[in-house]
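Residue numbers begin at 1 in each chain, while the letters A, B, ... track the order of the sequences.
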2 protein chains.
Amino acid sequence: MPPHKLTRESVVSAAVDLADREGIAALTMRRLARHVGVEAMSLYHHLPNKEALLDAMVDRVYAAIELPTPDGDWRSGLRTRSESVRAVLLQHPWALPLMESRQAPGPANLAHHEATIACLRAAGFGPAQVAHAYAVIDAFVYGFVLQETSLPFDSGEEAATMVTDGPFGELLATYPNMTWFTTNVILAPGYSFEREFRPGLELVLDGIAERRADGIPGGAARPPAGAATTDT
Amino acid sequence: MPPHKLTRESVVSAAVDLADREGIAALTMRRLARHVGVEAMSLYHHLPNKEALLDAMVDRVYAAIELPTPDGDWRSGLRTRSESVRAVLLQHPWALPLMESRQAPGPANLAHHEATIACLRAAGFGPAQVAHAYAVIDAFVYGFVLQETSLPFDSGEEAATMVTDGPFGELLATYPNMTWFTTNVILAPGYSFEREFRPGLELVLDGIAERRADGIPGGAARPPAGAATTDT
DNA sequence: ACCTGAACACCGTTCAAGT
DNA sequence: ACCTGAACACCGTTCAAGT
């Protein structure tokens, strides 16, 4: 277990492993040190403090995300990137809350944003269109993964035992609409929350494409004339 | 400061106040106790442990969200609810990560889901359509707020000082597309990230409405025939 | 019933000291 | 240069004891 060379990179790798296997709550400087075969204080020779460790872990995660190629096909570029974001964040469920709370973006984070903006620019998006598209896509992807990583069940089978066993089932029965939803969706054969990802992503990509077709090039993106809006 | 009656409710209220004012990291059992004029161990007479306190705080937040009325107008129902979710989560920036990590839903949480499903059912959504609409809407709303609560700047002015002052500006200048984006969007007069919320929400509502018009009633929601899909 | 003080097993981090 | 041990100021929580 104790590698002869302890480096910043090997400490970060060990931290990612530990967080993946035992959760972010188990990632303490003392436990991490034991895990790499060293005393707790030795870690501070490679990293100034725990915040810096978390920053480095987050940038490792960004580095694993597939970048869109700036070849002009913004739809497939954004789709590939978004699916890769989701896949990577599911592999490291501790990462999303951390990514959003970091203030010092690392090199992989910056490269990721650079490539995504480049992909949209290459397809002719103006500044306001890039801002709109990026905001909506990231909201959807991050929000979806946030729900996915925190659902108490992955499949219909796990949900079934949760609903039938225990006191939760009795409580649920007092809510008619939740009961209807549980029976007809969650307990229906083949249910999984994840199957909503692709249709949802296409919905968002369709909406971006439509607004782009209507909009003034480079101008502010806005809903089409038919949409009900209540702007003040 | 020390109220004569210490109750579970007053403890939870004080905890929400403390988290609002000083952040969730400052919410320790010892500090909370001092804040309500009592010793730390007294809190355990009203709540079994800190997890239960966090559960109760999250349900307080759910209780503050405006419920959609089941009057058949699903669009305005979802819009009202979604804007209320955002407003409440911005008032309590600590709440979103906590909401998604709780496993024991409180009464306000259940009432919230019950009313939202009821709103969609009343408008004639089938089970799969409810599942699709709810997943996409929540992904967008939670994801948007997640970004909003963690942005290092709220307005263009704050962003400007961040970009011009300090070492971050020099680093940024080495990324041409991020520089372009910063100059033309973030530093443009009147910029704020929040203005993307309403258009994004309408994009999602439009997409839900379109797929509903095409779909088999009660069947699985899917992208329209024209959309590029890569289903396996 | 409600509150307390001492204690236990943890944290991140500083600092002086070892090799 | 790299690692260590003791120590400090914290955590959440148990437990026996006070009123």
Send over the distance from [X] [atom1] to [N] [atom2], rounded to a whole Å.
| X | N | atom1 | atom2 | result |
| --- | --- | --- | --- | --- |
| A:Lys50 | C:dT14 | NZ | C1' | 18 Å |
| B:Leu32 | D:dC10 | CG | C1' | 16 Å |
| A:Leu53 | C:dC11 | CG | C1' | 15 Å |
| B:Tyr44 | D:dA16 | OH | P | 17 Å |
| B:Ile24 | D:dC11 | CD1 | P | 14 Å |
| B:Met29 | D:dT14 | CE | C1' | 13 Å |
| A:Asn49 | D:dC10 | CG | C1' | 17 Å |
| A:Arg31 | C:dA9 | CZ | P | 16 Å |

So, do A:Ile65 and A:Ser84 sit near enough that their side-chain heavy atoms are less than 4.5 Å apart?
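The answer is yes, as the side chains (C-beta and beyond) meet within the 4.5 Å cut-off.
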Considering Watson-Crick and G-U wobble pairs with both distances under 3.5 Å, what does C:dA6 pair with?
D:dT14
Under-3.5 Å N/O pairs linking protein and nucleotides 4-7 of chain D:
from: D:dT4; atom 1: OP2; to: A:Glu39; atom 2: N; distance (Å): 2.7
from: D:dT4; atom 1: OP2; to: A:Ser42; atom 2: OG; distance (Å): 2.6

Looking at A:Glu196 and B:Ala135, would you say the former's side chain and the latter's main chain have a donor-acceptor pair under 3.5 Å?
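Not a single qualifying donor-acceptor pair exists.
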Could you point out which residue of A:Asp59, A:Leu54, A:Leu53, A:Thr7 forms a side-chain contact (heavy atoms from CB on, under 4.5 Å) with A:Val12?
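Of all the options given, the one that passes is A:Leu53.
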Taking atom CD of B:Glu157 as the centre, does the number of heavy atoms from other residues, nucleotides or ligands within less than 6.0 Å exceed 12?
no
Honestly, is B:Arg86 close enough over B:Phe144, meaning NZ or CZ under 6.0 Å from the six-membered ring centre and within 45° of the axis?
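Relative to the ring axis of B:Phe144, which defines the angle, B:Arg86 lies outside at least one limit.
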Quiz question: by atom type and distance under 3.5 Å, do the side chains of A:His35 and A:Arg21 form a donor-acceptor pair?
yes
From C:dC2, D:dG12, C:dT13, pick the nucleotide closest to the side chain of B:His45?
C:dC2
